[in-house]
Amino acid sequence: MIDRRLIRDEPDRVRAGLARRHAAVDIEGLIALDHEHLKNLQLSEKLKHERNVASEEIGKRKAQGEDIAPLHAAMKETSATIKTLEARNKEIEEQLDALLLTVPNLPHATTPDGADSAANVVVRSVGAAKKPFDDVLPHWEIGEKLGILDLEGGRRVSGRGFIVFRGDGALLCRALIQLMLDVHIAQGYDEVAVPFLVHRASMTGTGQLPKFEEDMYQVPADELFLIPTAEVPITNLHRESVLEKEKLPIKYVGYTPCFRREAGSHGADTRGLLRVHQFDKVEMVKFVHPDSSYDELETLVNDATAVIEALELPYRVVALSSGDLGFAAAKCYDLETYAPGVDKWLEVSSCSNFEDFQARRAEIRLKKSEGEKHKFVHTLNGSGLALPRVVASILEVHQTPTGRVRIPPGLRPYMRGKEYLG
RNA sequence: GGAGAGAUGCCAGAGUGGUUGAAUGGGGCGGUCUCGAAAACCGUUGAGCGCGCAAGCGUUCCGAGGGUUCGAAUCCCUCUCUCUCCGCCA
């Protein structure tokens with residue numbers, strides 16, 4: 001949520017930021033509502049003051065046995081006026097909140113300008129996007145050939161977009177999770193194991209709701225949502241609380257499955273592992289002081305790429321343009337690994353600085369000392385990493401002409417020392 | 001699913017219509033004492049919003065939302081959450 005004060009005090013900045021995002025938001029309506037609300041508030045506070053003074057007077061006179069009827073009558077009227085004003089302001093607040101929750105974050109100054117992903121900027125590339133040999137099979141073919149990937153099984157059990165790993169494939173997933181957790185724990189993150197179902201307040205806190213309800217799997221009987229990312233439960237760990245700045249940065253890493261309906265993306269990447277409804281992911285979440293959040297974003301990216309490097313995959317770091325930015329992010333880097341079988345860069349991680357956007361929604365405050373103006377911590381998160389696309393990259397990058405897949409040495413300790421899959 | 005209890009400041013815990021933003025204790029912070037520390041003693045210590053350059057002033061907040069009243073932490077209604085016991089269950 002962006003700051004209501006910012007809309008009031010610097011409307012031009014808000015307009016410019018939203019324009020950069022190409023977001024259609026009724027900012028003028030917001031300003032008008034805020035204005036009316038403020039006017040009513042000031043009037044009702046003035047009346048309340050009168051009432052408080054009179055009430056105290058009534059108390060005193062009553063104690064002395066004086067006649068208080070005239071004052072009673074006057075105050076009755078005042079109270080009625082206050083009630084009317086407050087009722088109207090409550091209406092306004094509801095509208096204001098509903099509107100405000102649908103306003104995306106403003107892009108940071110360093111976020112490149114652009115309407116969509118075409119304007120994204122590759123800031124760093126490591127390793128070459130080339131085929132290890134001619135006729136590299138796409139991951140689904142080599143995976144099924146090796147008996148480690150069972151797409152038909154996933155369809156039979158749950159339908160399109162669900163996958164089954166077998167044997168070394170299942171082991172590979174487990175190994176990747178372990179490797180990622182170990183790497184990030186060594187980088188100073190505290191491991192957490194969190195719920196996979198969360199309530200509406202948590203979903204609203206991180207920004208998935210109210211705008212993206214149709215993207216979520218729901219459990220209506222209990223009003224719970226399956227998490228689309230561990231970002232939701234981990235960030236909400238500190239919902240409605242005050243963090244002391246001496247304790248920052250707080251760094252968490254956690255493994256969870258992620259559930260996404262992918263409504264609206266039917267037809268895209270339908271084959272193999274590139275877009276599925278349920279996948280495993282290791283996620284890093286940081287709560288940091290506002291002064292250092294952009295430095296923390298850079299180290300977050302490095303923490304994530306350390307895993308890619310351990311897996312010996314070519315990758316690039318892409319700064320998302322203002323139009324491609326996620327709803328809650330002010331700045332975001334995508335990490336993409338190359339997959340020669342499908343000849344694509346696969347988004348395996350998204351590292352974002354949300355500044356105080358999530359913290360304001362989730363009320364994750366910063367305990368401030370005298371004279372400090374920051375009220376909220378900054379939150380960041382980054383995948384480290386999302387599994388299926390990493391598996392796809394591994395199956396294609398480390399494929400050999402003889403139809404085998406080499407296990408990168410960094411992963412072997414987690415796979416009983418094996419050198420090849422299958 | 002059934003029965004009961006509870007929700008007050010950083011924590012514990014008083015408070016049942018009129019200077020109660022809230023007793024008391026603990027904790028934190030500052031000080032006295034001390035070579036230093038502990039103990040003891042003294043002082044201090046919530047947040048949101050509005051107005052203001054500031055000092056400050058006003059207003060709201062005792063789980064949430066409504067109601068009664070000139071006036072509510074205190075009375076009434078609804079909801080949520082937590083805990084305990086029983087049942088069921090991995």
Side-chain angles (χ1 to χ4, degrees), chain A residues 1-11 30-101 193 195-205 209 219-225 233 236-248 250 257 287 356 359-377:
Chain A
M1 191 153 62
I2 64 173
D3 191 355
R4 218 169 115 186
R5 288 294 293 266
L6 192 65
I7 295 174
R8 187 182 307 159
D9 298 340
E10 300 178 63
L30 270 173
I31 293 172
L33 281 174
D34 179 59
H35 205 79
E36 189 186 346
H37 180 267
L38 188 57
K39 213 180 67 193
N40 291 343
L41 181 70
Q42 288 171 357
L43 181 54
S44 85
E45 287 193 354
K46 199 178 127 226
L47 292 175
K48 278 181 184 172
H49 176 57
E50 288 171 16
R51 184 177 69 184
N52 286 343
V53 171
S55 290
E56 203 182 319
E57 186 66 23
I58 289 174
K60 277 183 198 156
R61 290 200 198 175
K62 200 175 174 183
Q64 294 167 11
E66 291 179 31
D67 178 30
I68 50 178
L71 262 178
H72 259 206
M75 283 308 107
K76 193 159 192 155
E77 200 173 311
T78 303
S79 276
T81 310
I82 291 170
K83 199 174 242 181
T84 310
L85 283 171
E86 292 199 323
R88 173 60 189 148
N89 256 9
K90 208 190 146 199
E91 266 175 45
I92 296 176
E93 261 169 66
E94 277 166 15
Q95 289 178 44
L96 221 39
D97 285 346
L99 273 169
L100 232 32
L101 284 174
F196 305 158
L197 284 89
V198 298
H199 52 221
R200 182 169 288 273
S202 287
M203 281 295 211
T204 306
L209 293 180
V219 184
D222 297 292
E223 290 190 87
L224 291 169
F225 296 82
N236 279 284
L237 238 29
H238 291 291
R239 198 163 59 84
E240 289 172 33
S241 51
V242 180
L243 302 179
E244 290 167 40
K245 65 169 184 271
E246 291 73 26
K247 301 226 168 101
L248 302 177
I250 295 171
F287 300 83
D356 62 7
R360 180 172 288 108
R361 285 176 164 244
E363 292 182 70
I364 308 168
R365 286 177 287 263
L366 180 68
K367 185 161 189 177
K368 49 180 177 178
S369 24
E370 202 70 30
E372 288 179 323
K373 65 179 198 313
H374 289 300
K375 280 198 295 207
F376 296 99
V377 301

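This is a predicted model, so every value here is computed, not measured.
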Give me the distance, rounded to whole Å, that separates [N] from [M] when you measure between the [atom1] atoms they each carry.
N     : M     : atom1 : answer
B:G31 : B:U20 : C1'   : 29 Å
B:U80 : B:A64 : C1'   : 7 Å
B:U8  : B:C62 : P     : 12 Å
B:A7  : B:U74 : P     : 12 Å
B:U19 : B:U34 : P     : 45 Å
B:G15 : B:A90 : P     : 46 Å
B:U60 : B:A72 : P     : 9 Å
B:G27 : B:C33 : P     : 22 Å

Of the listed B:G65, B:G50, B:C70, the closest approach to the A:L38 side chain comes from B:G50
Work out which heavy atom in A:P257 is nearest to a heavy atom in A:F196; give both atom names and the distance.
CD-CZ, 3.4 Å
Mind calculating the distance between [atom1] ([X]) and [atom2] ([N]) to the nearest angstrom?
X      : N     : atom1 : atom2 : result
A:F376 : B:A47 : CZ    : P     : 14 Å
A:L243 : B:A47 : CG    : C1'   : 16 Å
A:H72  : B:C70 : NE2   : P     : 6 Å
A:M75  : B:G17 : CE    : P     : 24 Å
A:D34  : B:G50 : CG    : P     : 9 Å
A:R200 : B:C79 : CZ    : C1'   : 17 Å
A:E363 : B:A47 : CD    : C1'   : 11 Å
A:L96  : B:C49 : CG    : P     : 14 Å

For A:R365, salt bridge (charged side-chain N to carboxylate O under 4.0 Å, His left out) partners two or more places apart:
A:E363
May I ask you to check whether A:E223 and A:H199 show a side-chain donor-acceptor distance below 3.5 Å?
no
Has [X] got a side-chain N or O lying under 4.0 Å from the OP1 or OP2 atom of [N]?
X     : N     : value
A:S79 : B:G71 : yes
A:R61 : B:C70 : no
A:R8  : B:G50 : yes

Determine which bases of RNA chain B form Watson-Crick or G-U wobble pairs with both distances under 3.5 Å, and write the result as a 5' to 3' dot-bracket string with | for other-strand partners.
((((((((.[[[..)..(.....]]]((((((.......))))))((((((....)))))).[[[[[..)....]]]]])))))))....
A:I250 and A:L237, any side-chain heavy atoms less than 4.5 Å apart:
no
Side-chain touch A:E94/A:D97, heavy atoms, less than 4.5 angstrom:
no
Starting from the C-alpha separation in whole Å, work towards a yes-or-no answer on side-chain contact (heavy atoms from CB on, under 4.5 Å) for A:H238 and A:V377.
CA-CA 11 Å; A:H238 291 291; A:V377 301; over 6 Å; no
Exactly one candidate in A:L197, A:V219, A:L209 meets side chain to side chain contact (heavy atoms under 4.5 Å, CB included) with A:F225; the answer is A:L209
Would you please test A:S202 and A:R239 for side-chain contact (heavy atoms from CB on, under 4.5 Å) and show each step?
CA-CA 8 Å; A:S202 287; A:R239 198 163 59 84; 3.9 Å; yes
Begin from the C-alpha positions of A:N40 and A:I92 and carry the test side-chain contact (heavy atoms from CB on, under 4.5 Å) through to its verdict.
CA-CA 10 Å; A:N40 291 343; A:I92 296 176; 4.0 Å; yes
Take A:R88 and A:E91, measure what salt bridge (charged side-chain N to carboxylate O under 4.0 Å, His left out) needs, and give me the verdict at the end.
CA-CA 5 Å; A:R88 173 60 189 148; A:E91 266 175 45; 2.9 Å; yes
Evaluate A:E57 against A:M75 for side-chain contact (heavy atoms from CB on, under 4.5 Å), listing each step before the verdict.
CA-CA 11 Å; A:E57 186 66 23; A:M75 283 308 107; over 6 Å; no
First of A:R365 and A:K76 reached from the 5' end of RNA chain B, by closest nucleotide
A:R365
Residue pair A:L41/A:E56 against RNA chain B: nearer the 5' end by closest nucleotide is A:E56
How would you label the contact of A:R5 with the nucleic acid (heavy atoms, under 4.0 Å): base, sugar-phosphate, or nothing?
sugar-phosphate
How is A:K90 classified with respect to the nucleic acid when contacts are heavy atoms under 4.0 Å: base, sugar-phosphate, or nothing?
sugar-phosphate
Sugar-phosphate atoms are those with a prime plus P, OP1 and OP2; base atoms are the rest. Using that split, label each nucleotide of nucleotides 59-64 of chain B B, S or - for protein heavy atoms under 4.0 Å, 5' to 3'.
SS----
